[in-house]
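Scroll down for the structure; my scribbles are underneath it.
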Amino acid sequence: MSSVVHDIKLALGADFLTAFSRLPQKQQKKVRRFLDEFTATPDAATHNYEKIKGARDPNLRSVRIDQDYRGIILAPDRGDVYVLLWVDKHDDAYQWASRRVCAVHPSTGTMQVVLTEEAATESLAQNPPPAPPSETVGNPPALFSKISDEDLVSLGIPATLLVHVREIGSEAELDRLESILPREAFEAVFMLAAGYTVEEARAELGIARQGTVDTSDFAAAVERDSTRRHFVVVTDAAEMEKLLAAPLEQWRVFLHPSQRRLVEMRAAGPVRVLGTAGTGKTVVAMHRAAWLARTVCAPGQKVLFTTFTKNLAADIASNLKKLCSREEWEKIEVVNLDAWVRRFLEKQGFPLKLTYQDSSSDDLWKKALELAGAGVALPADFVRGEWDNVVQGNGVETCDAYLTVSRVGRSQRLSRQQRKELWPVFEEYRALLNERGLSEPADAFRTAAKLIIERKITLPYRAVVVDEAQDFGNEGFRLIRAIVPTREHDLFIVGDAHQRIYGHQVVLSRCGIDIRGRGKKLRINYRTTEELKNWATGLLKGLSFDDLDAAADDAGGVRSLVHGKPPIVVSCPNETSVSQSISDHVKRLIDVEQARPETICVVAGTHRELEQFQKGLKQVCSAVHQIEPGKAEDSAAPGLRMATVHRVKGLEFDHIILAGRLDDLEHLVDTSERTKQRRALLYVAATRARCSLFVCRNAAARASGAKEP
């Protein structure tokens with residue numbers, strides 16, 4: 001492609017990319033050819049700009065792609081700005097344009113594509129409101145009756161559509177507005193319906209007061225953060241090609257204003273971002289890494305992006321390559337912390353074999369309990385949690401230190417005598433590790449941090465970005481604190497204790513990481529429907545969660561802006577029945593709902609279960625493959641996906657099928673550490689779903705008392 005002429009502003013809309021993705025491959029090539037010429041000379045007469053007969057918006061033009069297809073472009077008379085809005089078959093493209101107006105909102109300054117009043121009325125007529133409950137008496141006040149027109153418009157609602165907002169009588173009718181309002185306007189009324197005040201909704205959604213807005217200045221509008229959520233200014237042909245190569249991966253381009261504030265925030269020190277599943281934490285972290293590489297890193301400096309597992313690191317590296325320019329990517333290093341510390345210690349002359357690399361480590365723990373724990377009247381999983389979170393988490397090396405160390409976050413109090421009885425177990429386990437030349441990750445983290453500090457080792461990192469922070473322990477964060485000096489933009493940490501599946505706990509302030517005044521929270525769920533979110537959150541009922549810094553956190557106040565069907569939960573008498581039920585459901589998704597196999601993922605607890613299900617699935621879907629541990633998921637590869645509950649973490653699919661031995665669904669009153677961890681794992685797996693969740697339990701596993709994996 002040629003280079004874009006720099007005195008002309010060219011932008012692409014999110015709707016254009018969606019429409020482009022639906023075109024046949026032959027037409028996509030023609031659109032690319034047109035855009036090659038268009039990006040070089042958007043104002044050339046050879047593009048055959050034509051006014052659209054019957055269109056309400058005089059700034060919309062059609063352009064010829066070929067004999068049958070047309071593009072719709074905003075080409076206002078004032079300013080050198082061109083915006084590609086839509087592409088479709090001739091008649092469909094003209095109909096799309098005739099039903100819409102592209103305007104700059106007078107209060108927010110956001111560029112919006114708005115349905116005409118007639119089109120909005122027609123759309124609502126095709127989606128009648130639900131019948132009111134039989135016990136309803138009289139006419140209750142409209143949902144937004146206490147909010148003024150001025151306030152509604154100030155939140156981005158087009159004045160031409162206010163009458164339809166006023167007609168909404170209950171939350172049950174709210175979904176009707178989604179089909180007629182611009183996305184940011186629908187989010188605003190959704191927040192108001194959820195109980196937010198006008199000012200709270202404005203703050204949460206990042207709606208800025210613009211003062212006097214020139215509604216004819218589209219060139220200024222496309223540069224505003226609120227517009228950048230749906231439109232991107234293309235600065236060169238390479239960027240255009242990158243957008244068209246993966247038009248559905250819009251997370252790479254469009255950020256919600258609340259997310260962009262975090263990505264580009266100036267921070268005097270460490271930042272911690274919380275958010276439940278689906279709120280976009282990892283997307284924010286990846287964009288932050290790219291922003292740091294682009295704006296903060298000096299020559300020779302890098303951003304270290306670290307996460308807990310090799311699987312997640314592989315997926316993040318794959319996505320960051322898509323997000324970043326070549327120059328940005330060269331300044332980012334993505335690696336899980338265990339791999340980083342092993343590599344670092346080897347260079348320093350301290351080669352270690354970490355316990356997860358040796359299957360005997362579990363046997364050593366059992367042996368330690370047997371040799372030293374005869375007098376311990378506590379559950380084995382509780383004792384292991386005490387070792388992980390209190391002894392290892394605080395670097396405790398003596399019995400006296402253990403007797404006085406804080407146990408904040410532990411579910412059960414221990415007397416001084418109970419601690420004395422536990423210490424021989426820990427002492428024996430550590431001795432067994434030493435005998436075999438093994439080291440737990442926490443020990444390796446502690447050793448590495450000491451070396452960096454004592455040897456005054458200078459590392460090439462300008463900043464560290466941490467994803468899945470809830471799965472790191474205190475020693476991991478003490479190492480992270482040592483890796484990069486305390487300074488502006490040093491640490492950016494995202495996590496969610498509701499998704500803690502490895503049992504580690506952290507108190508950032510005890511690790512030398514001060515987040516006071518820089519603790520943020522994401523509250524809008526972009527992935528999961530409200531119905532799926534509520535069901536998954538129900539799995540965590542009765543459990544307490546922390547904010548990664550000793551205070552409490554909860555999943556309340558998070559809203560999904562999409563509604564859908566509730567999860568389907570079935571119970572089957574045996575594994576054969578489970579397999580058949582899964583195959584039937586997949587067939588229904590593909591044949592009836594026209595779901596692409598690539599958007600479906602079957603999730604189970606073990607590889608053995610997946611292999612059992614795979615036999616039946618191959619009869620309804622020709623391509624079926626398991627997502628391999630340690631390798632990035634290839635979203636472009638054809639076929640239905642399968643993954644274990646641990647491997648699916650960090651991924652998302654339109655349809656999730658969660659199957660097999662799901663015993664914790666029967667024990668939602670059990671709050672033990674082990675059950676809490678397993679319920680969090682089910683929560684993580686369930687919230688990978690964007691549209692639908694099918695839960696198929698093998699009831700026979702529970703009845704037979706089958707041993708847990």
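Source: prediction; values computed, not measured. In this chain, residues are counted from 1 in sequence order.
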Requested in this report: Could I get the full list of side chain to side chain contact (heavy atoms under 4.5 Å, CB included) partners for A595, not counting sequence neighbours?
Outcome: L589, T599, I600, H655
Query raised in the report: Counting distance only, does the side-chain N/O of Q677 pair as donor-acceptor with the main-chain N or O of I501 below 3.5 Å?
Result: yes
Report task. Would you confirm whether S21, through its side chain, and T18, through its main-chain N or O, come within 3.5 Å as a donor-acceptor pair? Result -> yes
Query - All side chain to side chain contact (heavy atoms under 4.5 Å, CB included) counterparts of N311, not counting sequence neighbours - result: T309, P629, R647
Query raised in the report: So, R679 side chain and K541 main chain: donor-acceptor pair closer than 3.5 Å or not?
Result: yes
Report task. Please list all pairs passing the salt bridge (charged side-chain N to carboxylate O under 4.0 Å, His left out) test where one or both residues lie in residues 565-581, with sequence neighbours left out. Result -> E575-R608
Query raised in the report: Looking at R596 and D654, does any basic side-chain N land under 4.0 Å from a carboxylate oxygen?
Result: no
Report task. Provide the full list of ring-ring contact (aromatic ring centres under 6.0 Å, His included) pairs with a residue in residues 306-325, sequence neighbours left out, each pair given once. Result -> F308-F472, F308-Y502, F308-H504
Query raised in the report: Are E333 and R343 within salt-bridge range, i.e. N to O under 4.0 Å?
Result: yes
Requested in this report: State which residues pass side chain to side chain contact (heavy atoms under 4.5 Å, CB included) with R260; sequence neighbours excluded, sorted by chain then number.
Outcome: D225, R228, L255, E264
**Report entry** Pairs satisfying ring-ring contact (aromatic ring centres under 6.0 Å, His included), at least one member in residues 589-636, at least two apart
**Finding:** none
Report task. Consider only side-chain N and O atoms of E468 and Q470, and report whether a donor and an acceptor are under 3.5 Å apart. Result -> yes
Query raised in the report: Is the shortest distance from a Lys or Arg side-chain nitrogen in D68 or K89 to a carboxylate oxygen in the other one below 4.0 Å?
Result: no
**Report entry** Contact check, side chains of S560 and T529, non-hydrogen atoms, under 4.5 Å
**Finding:** no
